[in-house]
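Report on one structure; see the data block that follows.
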Amino acid sequence: MASEKSETLIRISGSIEHVIYANEDNGYAICDMGTDDGDELITITGTLPYIGEGDLITVYGVWVHNPKYGRQFRVEQFEKQLPADVSSILRYLASGAIKGVGPKTAKRIVDEFGEESFEVIEKHPEWLAEIPGITRKKALAIGEDFASKAGIRASMLFFREIFGPTMTVKIYQRWGGGAVDIAKQNPYRLCDEIDGIGFERADRLAMNLGLSLDHEERICSGILYLLSSNASQNGHTCLPFDKVVAGGAQMLSVDKDAVERAIVRLLDEERLVLWKNEGKDYLYERSIYEDERFIARKLTLLQKTCPGMDVGNISSFLQKEERASGIQYAALQRQAIFDALEHGVLLLTGGPGTGKTTVVRALLGIFSSMEFKVALCAPTGRAAKRLSESTACEAKTVHRLLEYSGEGAKARFMRDENNLLDEHVVIVDEASMVDTRLACALLRAIKPGSHVILIGDADQLPSVGAGDVLRDLINSECFATVRLDEIFRQARKSLIVTNAHRINQGQMPRLDVKDNDFFYLARGSDSEICATVADLYRNRLPRTYGDLARNGTQVISPSRKGEVGTEHLNQLLQAALNPPEAEKREYRHRDLVFREGDRVMQVRNNYDIEWEKEDGSAGVGIFNGDIGVIERVDLREQCLEILFEDRRVMYHFDLLEDLEMAYAVTVHKSQGSEYPIVILPLGNTPPMLLSRNLLYTAVTRAQSMVILVGRQEVLGAMVENNRPAMRYTGLRYLVRKEQS
């Protein structure tokens with residue numbers, strides 16, 4: 001066989017004999033390939049865009065064993081060459097590789113132009129019109145399609161070392177045949193315009209092209225990356241000017257003067273915004289500044305344009321609702337109801353068991369009697385489902401309410417300022433999870449004069465995305481705000497609720513009660529903690545609680561790393577709960593094995609992926625934090641079939657970067673979700689993650705039971721640390737400015 005080792009990848013040359021499967025959207029293909037020495041036919045799989053029978057190809061990859069189809073060659077990189085002799089050219093053209101050219105047309109072209117056929121198609125396609133049966137229009141179309149194939153070949157050769165085939169397909173789909181020229185002219189456009197390409201990889205390409213460290217395009221792109229990465233990773237919507245200068249100089253290995261010059265250019269180009277507040281300068285990426293400013297303006301507008309009700313009328317409606325529901329509302333609940341009816345914007349916050357849902361049900365009854373249309377929504381599918389169950393009314397995710405649709409760069413919310421929502425009232429639950437961009441999108445779609453009611457627990461962790469919307473709005477002191485703090489009698493019976501409030505007040509939770517819903521198992525070493533967590537999940541809890549434990553247990557860890565972090569716990573729990581079996585198919589991707597029956601989590605928003613429900617309804621979008629179960633591994637089609645709650649999704653293997661095991665999840669990823677049983681390991685954890693609001697958030701994820709496993713000093717350190725992670729945002733100040 002014509003093969004040789006290239007670093008860790010095997011090199012094989014040959015020709016494509018048969019295309020078994022090809023996905024035009026992502027370039028994935030399965031082909032039979034004849035090797036140069038003709039000894040055997042091999043099956044190759046991987047991202048092989050625009051591949052066709054007769055293609056001469058050199059592939060770099062590794063041998064893998066497919067349990068169903070046997071030995072295959074998984075392609076990591078490839079090179080495609082055009083055939084040179086007449087018979088190979090004829091075979092290539094006759095295969096349908098070029099649109100508009102079938103076997104008969106191929107023979108006519110080769111008969112006419114022989115070995116010069118490709119040169120004619122590429123450089124003089126109009127000459128094809130001299131052949132009977134080929135019009136000038138068709139000739140030019142053939143030349144255009146041939147040129148596009150040449151473009152992807154050039155892109156594959158140029159980008160393969162840094163980006164690989166899958167990302168190269170995305171680059172080519174974005175820029176077409178000009179991709180290589182665009183990247184050579186300014187490689188930093190890659191991280192600005194191609195989703196999934198960060199500054200580091202664009203910078204590697206730039207260094208390979210010989211750009212200097214102090215090239216202005218490099219510094220400008222680096223500054224934008226510094227702001228965007230701090231938004232996505234740390235939640236900051238802006239950064240202090242001096243921190244951007246110092247951080248940019250260090251990251252880019254240039255002097256501060258060069259960074260300041262680049263900032264001036266970005267400000268002149270209106271790609272950055274300089275915001276002055278309380279004597280200090282901050283830098284925003286323009287779009288997120290516009291989002292925060294819009295939130296401030298729209299909420300102020302709603303505050304001014306929503307017609308408030310007369311106090312006497314509110315009292316009358318409230319009395320009717322109390323008679324209808326048989327509930328006597330507490331003073332703060334009554335205040336919340338009054339404020340919701342009297343003002344355009346209400347912020348309602350409070351911990352577990354304080355009656356937030358009771359207020360929502362009361363408002364639904366009152367607004368219904370007033371014949372107001374109400375939209376109930378939440379940031380995640382789980383939160384929306386829980387809201388529906390607790391109110392007996394339909395609740396949607398914010399994305400579904402705003403009718404998110406489309407694909408890739410064309411995807412957008414169909415509801416916006418040009419297509420406003422019909423509802424007079426919009427109630428958002430779990431509002432602490434709503435980030436700046438989502439809040440802006442929602443407010444764009446709400447018509448003036450509407451009521452907006454944001455409900456959440458401001459003491460939980462802030463949103464995963466940039467911003468701290470709920471807390472900023474509360475701290476602005478510009479809107480009606482009610483903080484429910486009374487734990488109601490039924491809730492007081494739950495040690496989960498009372499301990500959550502103790503934690504929030506800086507008190508140690510009670511650990512001595514053995515017959516309630518909050519338990520503590522003391523363990524010393526991290527290995528003992530892990531062993532106990534696995535035993536609880538696999539044996540002890542299912543033995544006592546059956547299906548509730550088997551289907552409803554969630555391990556929540558403060559950290560990803562370390563022995564009690566999610567990465568190690570997921571390996572341990574997968575081995576214990578879903579070990580390999582002969583009848584279970586699986587697929588290895590990097591360090592993870594995805595196996596039928598595994599519990600997995602989506603770790604970034606994918607607005608394009610399609611799903612279907614059992615009732616035949618369909619839609620798009622699986623979002624950060626969604627948890628599902630792998631029902632089928634299809635090695636032939638190279639995809640996973642995953643059930644997320646009631647949504648069934650086909651995941652091509654190219655998307656596996658977006659999936660993680662979910663037997664254990666971080667506290668941040670658990671936000672907005674509730675689980676019947678929560679196990680919280682308390683072992684060696686980075687100090688920055690030992691915080692009160694992180695512990696409080698973890699405990700309040702549990703519906704029926706919390707089990708703490710580990711060391712009491714770790715628990716104590718979390719309770720004592722009341723320093724929530726600081727986020728640089730401007731929303732509270734922008735609101736105050738709008739209303740001043």
Side-chain angles (χ1 to χ4, degrees), residues 4-9 11 27 47 49-50 57-61 75-82 122 147-230 232 244-269 271-272 283 285:
E4 61 185 64
K5 277 274 192 172
S6 175
E7 298 179 339
T8 59
L9 300 180
R11 175 182 180 274
T47 303
Y50 307 107
I57 188 170
T58 298
V59 294
Y60 302 82
V75 178
E76 302 291 339
Q77 300 173 6
F78 79 99
E79 300 168 1
K80 188 161 66 170
Q81 303 86 35
L82 287 173
E122 181 178 14
S148 74
K149 301 298 191 296
I152 189 63
R153 281 196 302 274
S155 295
M156 283 292 171
L157 286 169
F158 184 75
F159 294 116
R160 68 181 185 190
E161 294 296 333
I162 294 175
F163 301 116
T166 303
M167 189 57 69
T168 298
V169 171
K170 289 183 71 172
I171 296 168
Y172 182 77
Q173 288 173 342
R174 176 73 173 83
W175 289 331
V180 172
D181 289 337
I182 290 171
K184 284 180 176 179
Q185 193 173 46
N186 180 7
Y188 297 103
R189 282 185 63 181
L190 288 159
C191 55
D192 292 340
E193 300 182 30
I194 309 295
D195 186 39
I197 295 181
F199 173 79
E200 293 96 334
R201 287 205 285 176
D203 200 35
R204 278 177 55 200
L205 178 61
M207 295 301 101
N208 289 350
L209 292 171
L211 267 70
S212 62
L213 289 176
D214 60 356
H215 193 286
E216 193 173 30
E217 290 292 350
R218 177 176 186 265
I219 300 173
C220 286
S221 185
I223 292 166
L224 294 171
Y225 168 73
L226 186 65
L227 288 165
S228 65
S229 61
N230 268 279
S232 61
V244 175
V245 173
Q250 182 179 14
M251 181 184 79
L252 299 168
S253 301
V254 297
D255 61 50
K256 291 182 180 180
D257 288 344
V259 175
E260 290 186 358
R261 287 193 298 272
I263 289 173
V264 170
R265 171 182 162 181
L266 291 168
L267 290 169
D268 288 342
E269 294 174 353
R271 297 166 76 185
L272 292 184
L283 286 170
E285 187 270 320

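- The distance from the CD1 atom of I197 to the SG atom of C191 is 8.0 Å, given to the nearest 0.5 Å.
- Within a 6.0 Å sphere centred on CD of Q185, other residues, nucleotides and ligands contribute 12 heavy atoms or fewer.
- Rounded to the nearest 0.5 Å, atoms CD1 (I194) and CZ (R201) are 11.5 Å apart.
- Of all heavy-atom pairs between W175 and I182, the closest is CG-CD1, 3.6 Å.
- Residue L226 comes nearest to G247 through the heavy atom pair CD2-C, 4.1 Å, listed as atom of the first residue, atom of the second, then distance.
- At least one side-chain heavy atom of I263 sits less than 4.5 Å from a side-chain heavy atom of V244.
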E285/R271 under salt bridge (charged side-chain N to carboxylate O under 4.0 Å, His left out): CA gap, chis, key distance, verdict: CA-CA 6 Å; E285 187 270 320; R271 297 166 76 185; over 6 Å; no

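- With rounding to the nearest 0.5 Å, the separation of CG in L211 from CG in L205 is 9.0 Å.
- The two residues A183 and L190 have their closest heavy-atom pair at CB-CD1, 4.3 Å.
- Remark: E200 CD is packed, more than 12 non-hydrogen atoms of other residues, nucleotides or ligands lying under 6.0 Å away.
- For R265 and E216, the salt-bridge test passes: some basic side-chain N is under 4.0 Å from an acidic carboxylate O.
- At a cut-off of 3.5 Å, with distance as the only test, a side-chain donor of Y188 or D203 sits close to an acceptor on the other residue.
- Rounding to the nearest 0.5 Å gives a distance of 5.5 Å between CD1 of I223 and CG of L266.
- Between atom NE2 of residue H215 and atom CG of residue N186 there is a gap of 7.5 Å, rounded to the nearest 0.5 Å.
- At least one side-chain heavy atom of R11 sits under 4.5 Å from a side-chain heavy atom of T58.
- Nearest approach of D214 to I219, heavy atoms of both residues: O-CD1, 3.7 Å.
- S228 places a side-chain N or O within 3.5 Å of a backbone atom of Y225 that can act as its donor or acceptor partner.
- Annotation for K256 and A249: closest pair CG-CB, 4.0 Å, computed over non-hydrogen atoms.
- Of the inter-residue distances, the one linking S229 atom OG with M251 atom CE reads 7.0 Å to the nearest 0.5 angstrom.
- Side-chain atoms of R218 and M207, non-hydrogen and from C-beta on, do get closer than 4.5 Å to each other.
- Minimum interatomic distance between I171 and A179 (heavy atoms only, all atoms of both residues): CG2-CB, 4.0 Å.
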